[in-house]
Amino acid sequence: MTAKIDLLTLQLFVAIVEEQSIAKAAEKKNIAASAVSRRISDIEDLFQVELLHRHSKGIEPNTCRFRPARARPHHPG
């Protein structure tokens with residue numbers, strides 16, 4: 001599996017969230033819905049997290065909680 005995290009994939013993710021639908025986002029971007037769904041699934045597999053909650057009334061972003069990397073303390077020398 002090769003996940004594509006490129007500008008198009010990010011634009012597709014935003015379109016899905018805005019439209020609350022993969023099919024509508026795909027139509028808006030003139031891409032097959034199956035290709036859009038595959039890109040999002042690949043990213044979810046890569047990060048092992050569900051980015052979108054799919055339900056009968058559409059799609060909404062999952063409220064994933066990522067732990068930010070801890071910054072190393074700066075020790076002036």
Side-chain angles (χ1 to χ4, degrees):
M1 170 199 65
T2 303
K4 292 183 179 181
I5 306 177
D6 56 11
L7 182 58
L8 177 59
T9 301
L10 295 175
Q11 290 172 335
L12 290 169
F13 179 78
V14 170
I16 291 167
V17 172
E18 288 175 347
E19 300 292 333
Q20 298 181 350
S21 165
I22 288 176
K24 288 179 184 177
E27 184 177 327
K28 183 177 181 179
K29 296 292 185 180
N30 296 316
I31 299 174
S34 60
V36 174
S37 182
R38 185 75 218 157
R39 280 186 179 233
I40 298 303
S41 292
D42 286 350
I43 299 301
E44 289 176 324
D45 290 345
L46 178 68
F47 292 115
Q48 297 181 353
V49 64
E50 181 183 60
L51 297 173
L52 300 169
H53 178 66
R54 296 146 175 93
H55 52 80
S56 61
K57 295 185 180 189
I59 290 178
E60 58 189 31
N62 191 3
T63 54
C64 310
R65 294 198 178 137
F66 295 97
R67 190 182 312 178
R70 291 184 181 196
R72 292 184 179 183
H74 178 70
H75 297 289

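- You'll find the side chain of Ile40 stays beyond 4.5 Å of the side chain of Ile22, heavy atoms only.
- In this structure, Thr9 and Asp42 have side chains that are not in contact, with every pair of non-hydrogen atoms separated by 4.5 Å or more.
- Both Val49 and Phe13 are members of a single hydrophobic cluster when ILVMFWY side chains are connected at heavy-atom separations under 4.5 Å.
- In this structure, the side chains of Leu52 and Val17 come closer than 4.5 Å at one or more pairs of heavy atoms.
- In the hydrophobic cluster analysis, where Ile, Leu, Val, Met, Phe, Trp and Tyr join through side-chain heavy atoms closer than 4.5 angstrom, Leu10 is grouped apart from Ile16.
- Remark: Glu19 CD is packed, more than 12 non-hydrogen atoms of other residues, nucleotides or ligands lying under 6.0 Å away.
- Gln11 CD to Glu18 CD: the interatomic distance, rounded to the nearest 0.5 Å, is 10.5 Å.
- Using a 4.5 Å cut-off between side-chain heavy atoms of Ile, Leu, Val, Met, Phe, Trp and Tyr, with links allowed through other members, Leu51 and Phe47 fall into the same hydrophobic cluster.
- Atom-to-atom distance recorded for Ser41:OG and Glu50:CD is 10.0 Å, nearest 0.5 angstrom.
- Nearest approach of Ala33 to Ala23, heavy atoms of both residues: CB-CA, 4.3 Å.
- Nearest heavy-atom pair, Val36 versus Ala26, reported as atom, atom and distance to 0.1 Å: CG2-CB, 3.7 Å.
- The shortest side-chain heavy-atom distance between Leu8 and Arg39 falls under the 4.5 Å cut-off.
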